[in-house]
Chemist: 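Can you keep this structure in mind? I'll have questions shortly.
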Amino acid sequence: DAGIVSRFMDDATTPNLTSIWEEFWVLIDRCNAIIDQIDNGTFNDKDYRSYYKGEAYFLRGYAYFQLGWLYGGMPLIGRQTKVSEIKTTARSTQEATFDFAANDLAQAAQLLPEEWPSAETGKATKYAAKGILARLYLFQKKYSNAKTLLAEIISSGRYQMATNYVDCFLDSYDNSTEHLFQIQFTSGNGEGNSIPNSTAPDGIATGYPLRGSPQVLLVSNDLYDSFENGDLRRNISIQKGYTKNTGQVDSLTCFYVKYAHGTLSSSSDGDDVNLPILRYTDVKLMYAEVLNEENYSSSGEAFTIINQVRSRAGLPALTSAIVPNKEAFRSAIFRERRSEFACEYLRWFDLVRSGNALSIMNAFLGSPSQGNGQYKMNDYQTIFAIPQDELNNNPDTRYMWQNPGY
């Protein structure tokens, strides 16, 4: 599936895209059940009624945000609803879907605590909700809205960038001040992180901490070569070359090792290292982006932030001579984000919101290593097809319909 999607050969029957759709709708249904019923429950600590309700709003808002930018406008179901009623609730616009998600995330920020007791570390906080909402506003280019939220996170004083880039991906630094929200993993009980192994090639030599997978989606040389000379993030994120268990040496294949620096388990249950959803470095770079969009300044805070990120990566500072205007700084931010967040599932999001997805992907697909234009992205493919199973379940086109182009 991954290869099909990355070559823009996906359609309404692509299994992975159907699974993503289904999982988010299951999440929405469960959140609706909590929101509808929680006020009837009894709590020894009444603060927890608000906290749990906040978690439900956070997850529902996150689900609608993801569905909205991946598939377009959604039916807006904000309470437990019978199937017959769901089938007669028409798709809304993408903007209405984003507004619904934004309202949920704002409500979550009101209800969630600033921090949880240590026994509940890893749950969403009010700052996680504000950060995800700021990310949504950035997608919508609502820069002033995003700026307010990002400034509140920064001024809270609760977060700071990890001293070393690799620290961001070690289980020993899970839930550190670098992280506003992570998916929590624990190895040995079937709840471990499988990514360190699934991103390594099948047949990798015994003794290497990764087991590898035949379904691995390898890293392009285009990404590997895009890192600036001396960028420490490249070799922390990507490995080029490996020894096969046959003893044969492969010196060309690139694959992700970003999550393979922590405590790795030899079992198939996965590893301890958490998966970042929102890092403080992202908050800072988003803030630099909105500062630039509002007013480019050759000596402003946006330069300070991007150079703080670059310094940790072992790179020289950018100056106004190198980045002389708003457009140049915008390009610099997106280049920095590509290197900083490789394998953190933000690249496609950034390409779509930048408006450059079509030109960048078709230039990439037109390269010799990608088949010299054998594959092509069409302009309608900035969103995915509505899954065929959904259309089969609700064939009335007054309420559910396919996205244009599919």
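Bear in mind that the values here come from a model prediction, so they are computed numbers and not experimental data.
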Chemist: Taking the six-membered ring where the residue is Trp, are the ring centres of Phe139 and Phe349 under 6.0 Å apart?
Modeler: yes

Chemist: Taking Asn175's backbone N and O only, do any of them form a donor-acceptor pair with Gln182's side chain (distance below 3.5 Å, no angle check)?
Modeler: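 Answer holds: yes.
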
Chemist: Does anything in residues 175-188 pair up under salt bridge (Lys or Arg N to Asp or Glu O under 4.0 Å), and if so which pairs, sequence neighbours excluded?
Modeler: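 Listed once each, the pairs are Glu178-Arg279, Glu178-Arg312.
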
Chemist: With Tyr375, which residues qualify under side chain to side chain contact (heavy atoms under 4.5 Å, CB included), at least two apart?
Modeler: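 Testing Tyr375 for side chain to side chain contact (heavy atoms under 4.5 Å, CB included), a comparison that skips the adjacent residues, returns Arg7, Met9, Leu365.
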
Chemist: Per the salt bridge (Lys or Arg N to Asp or Glu O under 4.0 Å) rule, what does the pair list look like for residues 147-159, sequence neighbours excluded?
Modeler: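 Every pair satisfying salt bridge (Lys or Arg N to Asp or Glu O under 4.0 Å) with a residue in residues 147-159: Glu114-Arg158, Glu115-Arg158, Lys130-Glu152, Lys147-Glu294.
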
Chemist: Taking atom CG of Asp225 as the centre, report whether more than 12 heavy atoms of other residues, nucleotides or ligands fall under 6.0 Å from it.
Modeler: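 Above 12, so yes.
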
Chemist: Applying side chain to side chain contact (heavy atoms under 4.5 Å, CB included), can you list everything that pairs with Tyr406, at least two apart in sequence or on another chain?
Modeler: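 Residues passing side chain to side chain contact (heavy atoms under 4.5 Å, CB included) with Tyr406: Asp10, Tyr380, Gln381, Ala385, Gln402, Asn403.
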
Chemist: Determine whether Tyr173 and Phe169 satisfy the following criterion, ring-ring contact (aromatic ring centres under 6.0 Å, His included), listing intermediate values before the conclusion.
Modeler: CA-CA 7 Å; Tyr173 285 83; Phe169 315 106; over 10 Å; no

Chemist: One thing to verify: whether Arg233 and Glu228 come together as a salt bridge, which I'm taking to mean a side-chain N less than 4.0 angstrom from a carboxylate O.
Modeler: no

Chemist: Give a yes-or-no answer on whether the side chains of Asp171 and Thr263 include a donor-acceptor pair shorter than 3.5 Å.
Modeler: yes

Chemist: Going by ring-ring contact (aromatic ring centres under 6.0 Å, His included), name the residues that satisfy it together with Phe341, two or more places apart in sequence or in a different chain.
Modeler: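 Partners of Phe341 by the ring-ring contact (aromatic ring centres under 6.0 Å, His included) criterion come out as none, since no residue qualifies.
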
Chemist: Is the shortest heavy-atom distance from the side chain of Thr89 to the side chain of Leu76 under 4.5 Å?
Modeler: no

Chemist: Check side chain to side chain contact (heavy atoms under 4.5 Å, CB included) between Asp202 and all other residues, then give those that pass, not counting sequence neighbours.
Modeler: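 Side chain to side chain contact (heavy atoms under 4.5 Å, CB included) list for Asp202, sorted by chain: Pro214.
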
Chemist: Under 3.5 Å, side chain of Ser6 to main-chain N/O of Gly3, donor-acceptor pair present?
Modeler: yes

Chemist: Is atom NZ of Lys240 surrounded by more than 12 heavy atoms (other residues, nucleotides or ligands) closer than 6.0 Å?
Modeler: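 More than 12 heavy atoms, drawn from other residues, nucleotides or ligands, come within 6.0 Å of this atom.
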
Chemist: Which distance, rounded to the nearest 0.5 Å, do you find between the OG1 of Thr253 and the CD1 of Ile238?
Modeler: 13.0 Å

Chemist: With no hydrogens and no angle check, is any side-chain donor or acceptor of Arg337 less than 3.5 Å from a backbone partner on Leu285?
Modeler: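 Between the backbone of Leu285 and the side chain of Arg337 there is no qualifying donor-acceptor contact (under 3.5 Å).
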
Chemist: Could you note down all residue pairs passing ring pair (Phe, Tyr, Trp, His ring centres under 6.0 Å) where residues 304-335 supplies at least one of them, sequence neighbours left out?
Modeler: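 Those involving residues 304-335 are Phe303-Phe329.
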
Chemist: What I want to check is whether the side chains of Gln184 and Asn274 have a donor and an acceptor closer together than 3.5 Å.
Modeler: yes

Chemist: Output side-chain donor-acceptor pairs under 3.5 Å for residues 17-31, partner residues at least two apart or in another chain, one line each.
Modeler:
from, atom 1, to, atom 2, distance (Å)
Thr18, OG1, Thr14, O, 3.3
Ser19, OG, Pro15, O, 3.2
Trp21, NE1, Glu390, OE1, 3.2

Chemist: Looking at every non-hydrogen atom in both residues, tell me the closest pair between Ile153 and Val283 and how far apart they are.
Modeler: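 Closest approach of Ile153 to Val283, heavy atoms only: CG2-CG1, 4.1 Å.
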
Chemist: Do Ser367 and Asn372 have side chains that get closer than 4.5 Å, going by heavy atoms?
Modeler: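 No; the side chains remain at least 4.5 Å from each other.
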
Chemist: Between Leu346 and Asp282, is there a side-chain heavy-atom distance shorter than 4.5 Å?
Modeler: yes

Chemist: Is the shortest side-chain N to carboxylate O distance from Lys53 to Asp39 below 4.0 Å?
Modeler: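 Here Lys53 pairs with Asp39 in a salt bridge, since their nearest N and O are under 4.0 Å apart.
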
Chemist: Would you mind reporting whether Asn32 and Thr81 have side-chain heavy atoms less than 4.5 Å apart?
Modeler: no

Chemist: So do Ile360 and Arg347 actually touch side chain to side chain, heavy atoms under 4.5 Å?
Modeler: yes

Chemist: Kindly indicate whether the side chain of His261, heavy atoms from C-beta on, has any atom under 4.5 Å from the side chain of Ile236.
Modeler: yes

Chemist: Can you confirm whether the side chains of Asp271 and Ser187 place a donor and an acceptor under 3.5 Å from each other?
Modeler: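 No.
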
Chemist: What pairs with Gln215 under side chain to side chain contact (heavy atoms under 4.5 Å, CB included), at least two apart in sequence or on another chain?
Modeler: Ser213

Chemist: Which salt bridge (Lys or Arg N to Asp or Glu O under 4.0 Å) pairs, counting each pair once, include a residue from residues 249-260, with sequence neighbours left out?
Modeler: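 Residue pairs with at least one partner in residues 249-260: Lys258-Glu344.
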
Chemist: Could you tell me whether the side chain of Phe185 reaches within less than 4.5 Å of the side chain of Glu191, counting heavy atoms only?
Modeler: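 Side chain of Glu191 against side chain of Phe185, heavy atoms only: no contact under 4.5 Å found.
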
Chemist: Within the distance-only criterion (no hydrogens, no angle test), does the side chain of Lys142 pair as donor or acceptor with the backbone N or O of Tyr137 below 3.5 angstrom?
Modeler: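 Not confirmed, Lys142 side chain does not pair with Tyr137 backbone.
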
Chemist: Does a donor on one side chain sit under 3.5 Å from an acceptor on the other, for Tyr51 and Glu120?
Modeler: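 Not at all, the side chains of Tyr51 and Glu120 share no donor-acceptor pair under 3.5 Å.
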
Chemist: Which pairs, with at least one residue in residues 85-94 and sequence neighbours excluded, count as a salt bridge (Lys or Arg N to Asp or Glu O under 4.0 Å)?
Modeler: Arg79-Glu85

Chemist: Inspect the surroundings of CD in Glu95 and state if more than 12 heavy atoms from other residues, nucleotides or ligands are less than 6.0 Å away.
Modeler: yes

Chemist: Looking only at heavy atoms, what is the nearest atom pair of Val273 and Pro196, with distance?
Modeler: CG1-CG, 4.3 Å

Chemist: State, with a plain yes or no, whether a side-chain heavy atom of Val219 is found less than 4.5 Å away from one of Thr199.
Modeler: no

Chemist: Scan residues 63-75 for pairs that pass side chain to side chain donor-acceptor pair (under 3.5 Å), counting only residues two or more places apart or in two chains.
Modeler: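 Qualifying pairs, neighbours excluded: Gln66-Trp69.
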
Chemist: Nearest 0.5 Å please: distance from the CD1 atom of Ile306 over to the CD atom of Glu301.
Modeler: 13.0 Å

Chemist: Ring-plane angle category for Phe58 and Phe181, please: parallel below 30°, perpendicular beyond 60°, tilted otherwise.
Modeler: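 Rings of Phe58 and Phe181: perpendicular, as their planes differ by over 60°.
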
